[in-house]
Every structure is written in C-alpha cells, then in structure tokens.
Engineer: 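Take this structure first; my questions come after.
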Amino acid sequence: GTWQEQRATAAWIGANTALQPVIGVLLGGSPALLEDASTAAARPGSIVAALIAISSGAIVTLAPLPSAARALLVPMWLMASAILVSQGEQLLAASGIIYLLVALSINEGAHRVIRESIEHRLEAVRLAERVRESEASARAVVQTAGEAIWMLDTRGTVVTANPAARALVGGDVVGRSLSTILPELRIGEATGSREAVLRRADGPQRTVIVAIGEIPGTGYTVTATDISDLKMLERRLDHEATHDALTGLPNRAGLLRRLSSLRGARRTGALLFVDLDGFKAINASLGHAAGDQLLRSVGARLRHVAREVDVVARLGGDEFVLLLADADADEARTASRRVIDAIERPHMLAGQDVHLSCSVGLAVDDGSHSGVALLAQADTAMYEAKERGRAQVVVFDVAMRADLEDRMQLRNDLMGALTNGQIGFEGEPLIELRTGEVLGVELLARWNHPTRGAIGPGEFIPLAEDLGIVSDSGRTAHDRAAA
C-alpha cells in the first residue's frame, strides 16, 4: 500500500501487543519469536481473546481499518483457527472465523457510512460556498442595477435599497413604508407590473413601471423603472399627431377624437364648417408668410368666439371647424353669425388692413350619425353656402347631398370636355344699328354633354371659373375663330 497505509498499519499493530508474536511468525521472524508464538499458541484463549479484542475494537469504535491491516487480520485468524483445531477446539475456531467475517463486514459498512457522511458534509460545504457566491453576485447585481430595487419585509417596510432607488427617490427610505413614495402601491394585494406615480422627496413626481415579487415568509422585492421621459415623448408625439403645427388647434384626427368622446358620453352638438372666402387671392398677393399669419389670426378669433366646452379645429388650408357641445340648431345658427362677424373684422397683414369673409356649413348632430358622417354633412353644407354667395350660413339637409354629388360629377365631366371637343362655340355678329355694318363676331360657348345634352354657359361657366379653366376655354375659342 501507500506510505500512509503502511504508517497506519504499523500504528495499528503497535497498539495490539497480543498479536505481535503471531505477526512475527507470519513475517518469518527469528527462532525466539517462533518460540514465543508457540508459547502463545499453547494458550488458545489468549489468541482468540486478542483477536476478538481487535475485532471488537473495530466494531465498537467503527474505525475503518487500513487495507494492509485487513489483509493481515484474515491470515492471523486462520492461523489461530488452525491452532484451535489442532487442540480440538473446532467450535471455537469456527466461531472465531464467523466473528471475524461479521467484524470485517460491520467495519466495512461503518467505513462506507463514514465515507458517505464525509462526502455529504463536503457537498454541503461546497453548496454553502456556492450559495454565498450567488448571494454576493446577486448583491453586486442589485447594487449596480440601473433600475430602482427595494427589499421589503412582510409589512411593506423598506429593509434595503440600491443606489438607483435612492437616486430615483432623492433620498433614502429605509425603515419607512414604501407607500410614502408610492401611494398607489398596495403590498400584499397583488403582484406583477403596473404603472404608478412616484413622489420624490426633492422634486416633481415621476411616472414609473413597478414590478412586485413576493418572497414567501420573508417579504417582497419591488423594482421601479422611470418612464417619465418616455411618457413625455408619448404625449408630445400624440399632440403633434392630433394638432395643427401652424395654429396649435386640433387637426382632423384631434377633432374626430373629440367627436368620439362626445358620443361616448351620450352628448350631442353641432358642427360649423368654416371656409375662408378669397383666401387664395390674399395668399398669392401678400405671400405665404402673410397667409400663415392670417390663418393664425382666424384661429385666435374662432377660439375667442367658442365657449370653453367647444372645440376649434383646423382641417387644413383655409378650412376650420367649430364643434359646439350640447348645442341645438338655433344656437348653432347664432354661433355661425358670430363667427362670420368675427372674421369680417379687418386683419392687419403686412402693414395694411385686409378684409375677409367666410362661408359656413352647419350640421346638427341627432345622435344617429358617426363623427365622420357629421363632418361630411357640414362640409356639404359649406359648399352649398359658397354656391349661394359669400358670407352665407347653410344648414345641411338630405337633398343637399344629391345636389352636391351632381355638381361634383359635372365638375369632373367639365375637366375633360375641352380635350374631348364637347365645348362648342356659336358666333353672333356684332352689328352697328345705324349703319348695319358688321363690327365683329361674338363667340358663345356651348357644352354638348354626352348624357345631359346641351348645357348653357350660365351653368358651366361658374364651374370653369372654380376649376381655373376659363382661360383655356378662351384660348380654344380664339383658335377656332382664327381658323
């Protein structure tokens, strides 16, 4: 065996003096030792007693025998048994051998139990070390985390807080209830994540996402992520998406959102669709900067006319909408006249007074139409007001929609009438009545519509003016006359 086993065996043999003569014989000792062994063999009781003592010691102490000692013990027992048999002590020899086997078995079992116990203890030590390392790593992660982390006891009192938590709060809340800074938090009622408002000790409130986790029998962990800047960005983007950049008024999306909110509250109202008369001419003559200034001026005046519960919106270009909450038809007509009066007051642009008028289309909400449909009705009424002349107020009715659709179709047909040769000209001579002399020829436009037949100039010339194709018609007439 190894030198450790040899030392252990030597120590074991040295401690058992009764066996030394027998061991001397087995090891080929001197005649004196053989004589001592014979003398000892003459006393079988002493040999058996010595061997039983050794075995008993191993059993009682459960001390694992070295492998070399176990290798010597068996032949020693066999020698002792042979001596006993030679002396007629067969039963004693057999009992000794059985006792030896039992002793070695028990000793081996004890050795295995002790070895397993030591291994279990070593594993427990290693596990405890890993736990300590994990705890140290967890503490390091908590201390360096960018999120605020609090450890609470079962009553919701803060036990520890990491540096991010102290920075978020603006101080330390260890020893205090977390509800002092997160009043919406109810420890013990629910776990999970939610949005909450955090009260800082030295500054404005912050919006945070709070996550609560329970540690059974110990308390809770609470983490908080500051989303205040994100919420601010979200509000800014939402404002930009629902408001007009030039006037600061709600745009179409913002108006429809307000309309939807009004319907959700089971409230009705009226829409005033306002279109400025002659804005394009002002914008072209004074420039776009003056046109933008005029639009801001109109928006400010409409806000002044509106009540606090009303909404003023700019849809784009020179189109505005006034949403009157809880207003009937009569109240809407009165408000329309106030709008016209406010806009007709002179506007100071580029150092001069500029006069402006507007046409107003009015639609009253009866609760049966969506916000989009109501806006379309007010738009239709506004076009009817422009057809009737400037500075007019027209209330929408169902028949008006069919008339508008018919005019829109006629406008679309007129765009292609010139190129398709549908616009014809008839010449009327200009005659001097006193002399009868023909002074010239006046060309009168006629529209030969493919499905409606002949359409007089009184009907389609105003459409051509709105479309900006009157000059094209005149050029066509001149070319035909010259031909």
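Bear in mind the structure is a predicted one, so any value in this text is a computation, not a measurement.
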Engineer: Pairs in or reaching into residues 332-346: which pass side-chain hydrogen bond (donor to acceptor under 3.5 Å, both in side chains), with residues at least two apart or in two chains?
Structural biologist: Asp330-Arg333
Engineer: Locate the shortest heavy-atom distance separating Asn162 from Ile149; write the atom from each residue and the value.
Structural biologist: OD1-N, 3.0 Å
Engineer: Restricting to side-chain contact (heavy atoms from CB on, under 4.5 Å), what partner residues turn up for Thr221, sequence neighbours left out?
Structural biologist: Met151, Ile215
Engineer: Between atom CG of Leu152 and atom OG1 of Thr218, what is the distance when rounded to the nearest 0.5 Å?
Structural biologist: 12.0 Å
Engineer: Apply side-chain contact (heavy atoms from CB on, under 4.5 Å) to the pair Leu286 and Gln352, showing each step before the final yes or no.
Structural biologist: CA-CA 10 Å; Leu286 298 180; Gln352 58 181 308; 3.5 Å; yes
Engineer: Spell out, as yes or no, whether a donor-acceptor pair under 3.5 Å connects the side chain of Thr380 to the backbone of Ala376.
Structural biologist: yes
Engineer: Which pairs count as salt bridge (charged side-chain N to carboxylate O under 4.0 Å, His left out) when at least one residue sits in residues 346-357, sequence neighbours excluded?
Structural biologist: none
Engineer: Does Arg303 have any salt bridge (charged side-chain N to carboxylate O under 4.0 Å, His left out) partners at least two apart in sequence or in another chain, and if so, which?
Structural biologist: none
Engineer: How would you list, by chain and number, every residue that makes a side-chain contact (heavy atoms from CB on, under 4.5 Å) with Pro450, sequence neighbours excluded?
Structural biologist: Gln422
Engineer: I need the minimum non-hydrogen distance between Gly291 and Phe279, along with the two atoms involved.
Structural biologist: O-CE1, 3.7 Å
Engineer: Going by the rule side-chain hydrogen bond (donor to acceptor under 3.5 Å, both in side chains), which residues pair with Arg434 if we only count those two or more places apart in sequence or in a different chain?
Structural biologist: Glu432
Engineer: As an exercise, state the distance from CG of Leu276 to OG of Ser359, rounded to the nearest 0.5 Å.
Structural biologist: 9.0 Å
Engineer: State which residues pass ring-ring contact (aromatic ring centres under 6.0 Å, His included) with His347; sequence neighbours excluded, sorted by chain then number.
Structural biologist: none
Engineer: Identify the heavy atoms of Val360 and Ala385 that sit nearest to each other, and give their distance.
Structural biologist: O-CB, 3.7 Å
Engineer: What pairs with Glu123 under salt bridge (charged side-chain N to carboxylate O under 4.0 Å, His left out), at least two apart in sequence or on another chain?
Structural biologist: Arg126, Arg130
Engineer: Mind checking whether Leu302 and Val339 have side chains closer than 4.5 Å, heavy atoms only?
Structural biologist: yes
Engineer: To the closest 0.5 Å, what do you measure between OG1 (Thr242) and CG (Leu255)?
Structural biologist: 11.0 Å
Engineer: Can any side-chain N or O of Arg194 pair as donor or acceptor with the backbone N or O of Val210 at less than 3.5 Å?
Structural biologist: no
Engineer: How far does CZ of Phe273 sit from CG of Leu322, to the nearest 0.5 angstrom?
Structural biologist: 12.5 Å
Engineer: Once rounded to the nearest 0.5 Å, what's the spacing between atom OG of Ser370 and atom CG of Asp365?
Structural biologist: 9.5 Å
Engineer: Suppose we screen for side-chain contact (heavy atoms from CB on, under 4.5 Å). Which residues come up paired with His449, at least two apart in sequence or across chains?
Structural biologist: Leu410, Asp413, Trp447, Thr451, Arg452, Ile455
Engineer: So, using side-chain hydrogen bond (donor to acceptor under 3.5 Å, both in side chains) as the criterion, who are the partners of Asp226 when residues are at least two apart?
Structural biologist: Arg206, Ser228
Engineer: Considering only residues two or more places apart or on different chains, which pairs with a residue in residues 246-261 satisfy salt bridge (charged side-chain N to carboxylate O under 4.0 Å, His left out)?
Structural biologist: Asp238-Arg257
Engineer: Donor-acceptor pairs are to be reported for all side-chain atoms of residues 309-321 against protein atoms at under 3.5 Å, with residues two or more places apart or in another chain.
Structural biologist:
{"from": "Asp310", "atom 1": "OD1", "to": "Arg307", "atom 2": "NE", "distance (Å)": "3.3"}
{"from": "Asp310", "atom 1": "OD1", "to": "Arg307", "atom 2": "NH2", "distance (Å)": "2.8"}
{"from": "Asp310", "atom 1": "OD1", "to": "Ala325", "atom 2": "N", "distance (Å)": "3.1"}
{"from": "Asp310", "atom 1": "OD2", "to": "Arg307", "atom 2": "N", "distance (Å)": "2.9"}
{"from": "Asp310", "atom 1": "OD2", "to": "Arg307", "atom 2": "NE", "distance (Å)": "2.9"}
{"from": "Arg314", "atom 1": "NE", "to": "Gly317", "atom 2": "O", "distance (Å)": "3.2"}
{"from": "Arg314", "atom 1": "NH1", "to": "Asp244", "atom 2": "OD1", "distance (Å)": "3.0"}
{"from": "Arg314", "atom 1": "NH1", "to": "Asp244", "atom 2": "OD2", "distance (Å)": "3.1"}
{"from": "Arg314", "atom 1": "NH2", "to": "Gly317", "atom 2": "O", "distance (Å)": "3.0"}

Engineer: If you look at every heavy atom in Ala381 and Val395, which pair is closest and at what distance?
Structural biologist: CB-C, 4.3 Å
